[in-house]
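What follows is a short report on a single structure.
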Amino acid sequence: MGIKDKIQPSGNKLKNAVGIEGNFGTYIKPMAAYTCANITLGGAGYPINLYHQQYLSFVEQMPTDVTGVISMINGLIDAVSDVVMGIITDRTRSKYGKHRIYVLLGAIPFFFAYVMKWSSFGISSMGNMTFNFIYYLVTAFIYSTSYTMMSVPHVAMLPTIEPNYFRRTQYKMVEYMMNSVGQVSSFVFMGLVLGGFDMPNPSPADKGKYLMSGIVLAIWFVWSPILSFFTCPEPSSLSLRKEPINWKYMLHEYYLVFRNRSFRQYFLISIFNSFRSSFYGYSDQYFIVSIADKYSHFNILNTVAGTSEFMGSPVIYFLNRYFDKRTSGLMLTPIMIAGLAIYAFVDHKTPAVFLYIAAILYNFGFSGPGFAIDTIQPDITDVDELITGRRREGVIATFRSFVSKTINSFMTGILGFSLKFFGYDVTKKEPIYQTAKTIFGLRLNFTYMPIIFGIITLILIKSFTMNKEDHATIQRVIKEKHEGKKVKITKQQKKRLEKISGVKWNEMWIGQPLTKAEKKALEEKALKETAEVGV
């Protein structure tokens with residue numbers, strides 16, 4: 001047996017284990033074309049999450065209540081823009097499809113906004129906090145709106161370009177890898193610019209470093225959504241029929257979304273996981289500086305955190321492949337909670353090794369519930385079609401984000417005022433200046449509340465109803481209905497789908513007779529196919 005003959009069976013075994021069907025090149029290429037945009041969509045926010053709060057607080061010296069108000073107002077506007085973008089993308093008629101044209105259009109304003117986030121260009125030196133507040137609020141608005149223009153259509157596009165239950169998970173895994181490319185590259189660059197692995201405490205003297213980082217990263221992040229537009233295939237939407245748009249129509253669209261029991265379950269999981277993330281993400285830099293007193297370890301800790309999160313990805317992949325989409329959340333969320341529990345006992349005297357252990361556990365674990373939420377989302381669209389008979393990817397993608405962003409915006413504002421209430425002063429950040437009240441406030445935001453919301457998230461993931469067998473049944477009956485065939489379903493399956501959807505069978509589109517318009521469309525399709533065969 002030759003070398004080639006020996007390699008071929010091994011390659012087939014690897015493909016089968018990973019779940020690759022058919023030719024490797026043609027299988028992976030569309031995934032790469034779609035997910036390359038995630039270098040920006042998943043990576044651009046990473047340095048912002050890591051460094052922007054400390055930049056505003058310690059470099060621009062803006063009080064936590066002021067930065068909290070910026071986040072709150074911008075988040076509310078961002079939530080509304082998500083809904084608007086979802087409706088726009090669902091109604092877009094274009095030869096490029098409903099979604100991907102916006103991935104291109106959002107890239108240019110996104111470039112300029114990214115630079116602006118890292119410098120006030122002399123406004124802060126005027127010493128007028130009102131001017132500073134207005135500048136960073138406007139900057140946040142431009143950034144979040146341009147990001148929404150790209151991200152909402154991109155998320156909504158997946159159910160359109162990939163109908164298969166498991167392959168959607170594979171898309172999400174490749175997307176996860178692209179996220180990591182964006183995150184790691186931007187983190188390494190910005191971390192080295194700001195001080196490498198022996199970070200000095202941030203101060204106003206660092207303004208030039210942040211500006212340089214913003215310019216370079218804006219250039220790095222602008223190309224991937226443009227490439228995705230030109231390489232990702234999406235069916236034309238020129239034949240799309242537009243419904244009249246008004247407030248009654250919009251409210252009815254979102255009422256229909258909330259009728260979907262699977263969506264309500266997914267929505268609650270997302271909300272409580274977002275609460276956990278908001279508390280932790282907003283206060284982590286304050287905790288490291290003013291409780292642990294280990295800011296010099298900040299970049300190393302984040303390197304360990306990112307590595308730990310990435311190490312969870314193969315575990316998550318195989319759990320999703322051989323079980324269902326809840327399993328990663330059920331198994332990894334307790335590990336995340338264990339990491340948070342260790343943080344609860346850390347102070348400035350605690351050896352750094354305990355911070356590293358906590359970071360490993362938290363970041364290895366938190367990818368579990370996040371991935372479960374991301375992979376469930378496209379399947380909710382199929383349940384919605386079961387109920388309504390329509391594909392409403394944009395509405396599904398944005399309703400959850402609208403409510404969660406609205407709630408999280410208020411939460412971010414509350415967190416800023418909370419730290420102010422507990423006496424936190426950004427100009428006196430060392431542990432020696434912190435009172436018992438301030439220390440409790442930091443621990444409450446960074447550890448106690450994330451633990452509570454993490455436990456609730458775990459309970460909600462466990463209660464999620466739909467599994468992959470259910471999804472296969474849903475897709476089969478939808479296909480049969482669209483083809484004009486009699487839907488084949490047992491009483492047990494019907495009862496199961498009623499539980500998943502929260503709607504009685506005869507009240508759903510799938511359980512009703514074909515309308516005259518649907519019959520006419522099927523007849524026209526049959527005539528067209530007959531004519532094509534004749535030609």
Between [X] and [Y], is there a donor-acceptor pair closer than 3.5 Å when you use the side chain of the first and the backbone of the second?
X    : Y    : answer
S277 : N273 : no
Y55  : W118 : yes
S270 : Y266 : yes
K294 : A292 : yes
T333 : L330 : no
N74  : F141 : yes
Q183 : G42  : yes
T40  : A44  : no
Y102 : V152 : no
T89  : M85  : no

Could you check if a side-chain atom of [X] sits within less than 4.5 angstrom of a side-chain atom of [Y], using non-hydrogen atoms only?
X    : Y    : result
L340 : Y280 : yes
P47  : L217 : yes
V304 : E309 : no
R276 : M336 : yes
N132 : S120 : yes
K98  : E234 : yes
S203 : D206 : yes
T64  : Y282 : yes

Assess the residue pair H154 and E175 against the criterion (side-chain hydrogen bond (donor to acceptor under 3.5 Å, both in side chains)); give the C-alpha distance rounded to whole Å, side-chain angles, the decisive distance to 0.1 Å, and a yes or no. CA-CA 11 Å; H154 187 261; E175 179 180 296; 4.9 Å; no
Where is the tightest heavy-atom contact between [X] and [Y], given as atom of each residue plus distance?
X    : Y    : answer
I478 : D382 : CD1-O, 3.4 Å
I142 : P109 : CG2-O, 4.1 Å
F111 : A218 : CD1-O, 3.4 Å
M116 : Y136 : O-CE2, 4.1 Å
P225 : A107 : CG-CB, 4.2 Å
L415 : S278 : CD1-O, 3.7 Å

Distance flag, aromatic centroids of [Y] and [X], threshold under 6.0 Å:
X    : Y    : value
F453 : F279 : yes
F258 : F267 : yes
Y114 : F110 : yes

Electrostatic pair D374:K325 at N-O distance under 4.0 angstrom: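 Looking at K325 together with D374, the answer is no, because their closest N to O distance does not fall below 4.0 Å.
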Criterion side-chain hydrogen bond (donor to acceptor under 3.5 Å, both in side chains) on W220 and S185, from CA distance to verdict: CA-CA 9 Å; W220 166 236; S185 59; 3.0 Å; yes
Partners of [X] by side chain to side chain donor-acceptor pair (under 3.5 Å), sequence neighbours excluded?
X    : result
T148 : D78, D82
N299 : Y51
Y147 : none

Compute whether any side-chain donor of one residue and acceptor of the other, for [X] and [Y], lie under 3.5 angstrom apart.
X    : Y    : answer
Q285 : H52  : no
T145 : S81  : no
Y286 : Q54  : no
T231 : Y34  : no
H297 : Y356 : yes

List in chain and number order the residues that pass side chain to side chain contact (heavy atoms under 4.5 Å, CB included) with V66, two or more places apart in sequence or in another chain; answer none if no residue qualifies.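 If we apply the side chain to side chain contact (heavy atoms under 4.5 Å, CB included) test to V66, skipping adjacent residues, the hits are M62, P63, F133.
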Within this structure, what is the [atom1]-[atom2] distance for the pair [X] and [Y], rounded to the nearest 0.5 Å?
X    : Y    : atom1 : atom2 : value
S119 : Y135 : OG    : OH    : 5.5 Å
L332 : L319 : CG    : CG    : 7.0 Å
I461 : S328 : CD1   : OG    : 7.0 Å
C36  : W223 : SG    : CH2   : 6.0 Å
D379 : F263 : CG    : CZ    : 14.0 Å
L460 : I373 : CG    : CD1   : 9.5 Å

For Y96, does the OH atom sit with more than 12 other heavy atoms under 6.0 Å from it, leaving out its own atoms?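 Counting other residues, nucleotides and ligands, OH of Y96 stays at 12 neighbours or fewer.
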side-chain contact (heavy atoms from CB on, under 4.5 Å) for R392 and V257? Distances and angles first, verdict last. CA-CA 9 Å; R392 303 187 304 149; V257 171; 3.4 Å; yes
Chi angles and distances behind the side-chain hydrogen bond (donor to acceptor under 3.5 Å, both in side chains) call for Y362, S308: CA-CA 9 Å; Y362 175 82; S308 301; over 6 Å; no
Test side-chain contact (heavy atoms from CB on, under 4.5 Å) applied to M177 and T35, step by step: CA-CA 9 Å; M177 292 167 62; T35 60; over 6 Å; no
Mind checking what makes salt bridge (Lys or Arg N to Asp or Glu O under 4.0 Å) contact with E60, not counting sequence neighbours?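 Applying salt bridge (Lys or Arg N to Asp or Glu O under 4.0 Å) to E60 gives K207.
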Not counting sequence neighbours, which residues clear salt bridge (Lys or Arg N to Asp or Glu O under 4.0 Å) with D470? List them please.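 Counting only residues at least two positions away or on another chain, D470 forms a salt bridge (Lys or Arg N to Asp or Glu O under 4.0 Å) with R496.
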Within 45° of the ring axis of F229 and under 6.0 Å from its six-membered ring centre, is that where the NZ or CZ of R100 lies?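 That pair qualifies as a cation-pi contact.
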Working note: V289 + F58, criterion side-chain contact (heavy atoms from CB on, under 4.5 Å); need CA distance, chi angles, decisive distance, verdict. CA-CA 11 Å; V289 169; F58 303 133; 4.2 Å; yes
